[in-house]
Engineer: 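My structure is below; once you've seen it, I'll send some questions.
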Amino acid sequence: MHEVKLSDGIIALSPLRLDDAEAHLAGEDEALVRWLSGGPSTREGVKAYMRHCREQWETAGSLRAFGIRVGVDEALAGTIDLRFAAEGLAPGQVNVAYGLYPSWRGRGLATRAVLLASRYAASEGKTEAVIRVEPENATSAAVAQRAGFIPGKRTHSEDGTRLDWYIRDLCQEIQ
């Protein structure tokens, strides 16, 4: 696997690593559990997930999970992942999901990460990025809109959760 590193000069995205586990556990809060992971993480669970992410990178699987890194020491500020295959996606679409740790919120970093990840998805041949947000998660919806996503359809996940879709055309990203 070649190492992927994306940067806009403020943040960098690079694949999650096993040594990110402790920073992730330290940064996880109630909001991340509620909106992203669905339950509190354990050290063993996070390490297993990080190994799965690395395997997905190595095998060109459908998941590309990035750490959102800030500063010269590349402190882990959160995560963003791209799913090239997911429930309800049409051909050419990629699902984008993200979360920042509390001390990094409110600085525009999630929007920057979404823009970088969208460019990467376009370079991988995807034509449309999708962010699916529970209607009560106004912060995530605002990130999507700041990143140029427009409201799309409303659906329900397999467990019945209502989701608002935000869509961004990626066709102009790699020109």
Side-chain angles (χ1 to χ4, degrees), residues 1-87 89 94-126 129-134 137 139-140 142-144 146-147 149 168 170 173-174:
M1 176 195 114
H2 68 285
E3 190 66 23
V4 173
K5 186 169 182 181
L6 313 169
S7 179
D8 67 359
I10 303 294
I11 66 163
L13 302 183
S14 62
L16 284 172
R17 307 179 298 251
L18 196 55
D19 64 357
D20 288 328
E22 294 304 320
H24 176 76
L25 287 164
E28 185 178 75
D29 69 341
E30 186 178 314
L32 282 176
V33 168
R34 166 73 175 98
W35 302 118
L36 196 60
S37 63
S41 296
T42 64
R43 182 168 281 98
E44 298 77 28
V46 169
K47 287 184 175 184
Y49 178 71
M50 301 285 179
R51 283 190 293 274
H52 173 71
C53 292
R54 175 56 77 186
E55 178 183 290
Q56 288 289 296
W57 279 101
E58 289 171 352
T59 63
S62 63
L63 170 65
R64 300 290 187 288
F66 294 94
I68 302 169
R69 304 179 193 284
V70 180
V72 294
D73 61 345
E74 295 193 340
L76 187 67
T79 65
I80 185 164
D81 71 51
L82 300 174
R83 293 194 184 262
F84 291 93
E87 171 196 353
L89 293 182
V94 60
N95 190 76
V96 182
Y98 45 84
L100 289 176
Y101 307 129
S103 63
W104 296 102
R105 293 181 188 143
R107 303 181 195 188
L109 303 178
T111 302
R112 289 175 172 281
V114 167
L115 292 170
L116 281 172
S118 294
R119 274 186 233 128
Y120 174 81
S123 76
E124 292 290 305
K126 294 302 175 180
V130 176
I131 295 174
R132 297 184 276 190
V133 178
E134 290 183 45
N137 190 350
T139 302
S140 190
V143 167
R146 280 193 303 272
F149 286 66
R168 181 178 170 139
L170 299 179
E173 290 296 322
I174 56 175

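No hydrogens, no waters, no symmetry mates; every other heavy atom, side chains included, goes into these values.
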Engineer: For Tyr120 and Leu170, run side chain to side chain contact (heavy atoms under 4.5 Å, CB included): C-alpha distance rounded to whole Å, both residues' side-chain angles, the deciding distance at 0.1 Å, then the answer.
Structural biologist: CA-CA 10 Å; Tyr120 174 81; Leu170 299 179; over 6 Å; no
Engineer: Quickly, which of Leu100, Leu76, Leu109 forms a side-chain contact (heavy atoms from CB on, under 4.5 Å) with Val70? Name it, please.
Structural biologist: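 That would be Leu109; it is the only one of Leu100, Leu76, Leu109 passing the side-chain contact (heavy atoms from CB on, under 4.5 Å) with Val70.
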Engineer: In chain order, what residues pass the side chain to side chain donor-acceptor pair (under 3.5 Å) check against Thr139, with sequence neighbours excluded?
Structural biologist: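 Once residues adjacent in sequence are excluded, Thr139 has no partner under the side chain to side chain donor-acceptor pair (under 3.5 Å) criterion.
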Engineer: With a 4.5 Å heavy-atom cut-off, do Val114 and Phe149 have their side chains touching?
Structural biologist: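 Yes, their side chains come closer than 4.5 Å.
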Engineer: Which atoms form the tightest heavy-atom contact between Ala113 and Ile11, and what is the distance?
Structural biologist: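 Minimum heavy-atom contact is N-CD1, 3.3 Å.
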Engineer: Is Arg132 salt-bridged to Glu87, going by a charged N under 4.0 Å from an acidic O?
Structural biologist: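 Salt bridge: no.
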Engineer: Step by step, would you call Asp8 with Leu115 a side chain to side chain contact (heavy atoms under 4.5 Å, CB included)?
Structural biologist: CA-CA 9 Å; Asp8 67 359; Leu115 292 170; over 6 Å; no
Engineer: Roughly how far apart are Glu28 CD and Thr42 OG1, rounded to 0.5 Å?
Structural biologist: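 Glu28 CD to Thr42 OG1: 9.5 Å, rounded to 0.5 Å.
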Engineer: Given side chains that start at C-beta, do those of Trp104 and Ile68 come closer than 4.5 Å, heavy atoms only?
Structural biologist: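 No, every pair of side-chain atoms sits at 4.5 Å or beyond.
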Engineer: Quick one: side chain to side chain contact (heavy atoms under 4.5 Å, CB included) partners of Ala117, sequence neighbours excluded?
Structural biologist: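 Applying side chain to side chain contact (heavy atoms under 4.5 Å, CB included) to Ala117 gives Leu13, Ile80, Leu82.
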Engineer: So which pairs with a foot in residues 97-111 pass salt bridge (Lys or Arg N to Asp or Glu O under 4.0 Å), sequence neighbours left out?
Structural biologist: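 Matches after skipping sequence neighbours: Asp29-Arg105.
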Engineer: Please name all residues satisfying side chain to side chain contact (heavy atoms under 4.5 Å, CB included) with Arg146, sequence neighbours left out, ordered by chain then number.
Structural biologist: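 Arg146 satisfies side chain to side chain contact (heavy atoms under 4.5 Å, CB included) with Thr111, Ala142, Val143 only.
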Engineer: How many angstroms lie between atom OG of Ser41 and atom NZ of Lys47, to the nearest 0.5 angstrom?
Structural biologist: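 The distance works out to 13.0 Å.
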Engineer: Heavy atoms only: give me the nearest His24-Val46 pair and the separation to one decimal.
Structural biologist: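 Where His24 meets Val46 most closely, the heavy atoms are CD2-CG2, 3.7 Å.
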Engineer: Please list, chain by chain and in numerical order, all residues satisfying side chain to side chain contact (heavy atoms under 4.5 Å, CB included) with Ala65, sequence neighbours excluded.
Structural biologist: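 Listed in chain order: Leu16, Tyr49, Cys53, Leu63, Asp81.
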Engineer: Within the side chain of Arg168, is there an N or O that forms a donor-acceptor pair under 3.5 Å with the backbone of Ser118?
Structural biologist: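 Flag not set: sc Arg168 to bb Ser118 has no pair under 3.5 Å.
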Engineer: Hey, are the side chains of Ser62 and Gln56 touching, using non-hydrogen atoms and a 4.5 Å cut-off?
Structural biologist: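 Sidechains of Gln56 and Ser62: in contact.
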Engineer: Locate the shortest heavy-atom distance separating Lys5 from Ala12; write the atom from each residue and the value.
Structural biologist: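 Answer, listing the atom of Lys5 first, then Ala12: CE-CB, 3.9 Å.
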Engineer: Using a 4.5 Å cut-off on heavy atoms from C-beta on, say whether the side chain of Tyr98 contacts that of Phe66.
Structural biologist: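 Result no, sub-4.5 Å side-chain heavy-atom pair not found.
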Engineer: Identify, with sequence neighbours excluded, every residue that meets side chain to side chain contact (heavy atoms under 4.5 Å, CB included) alongside Arg17.
Structural biologist: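 If we apply the side chain to side chain contact (heavy atoms under 4.5 Å, CB included) test to Arg17, skipping adjacent residues, the hits are Ser14, Asp19, Asp20, Arg54, Arg69.
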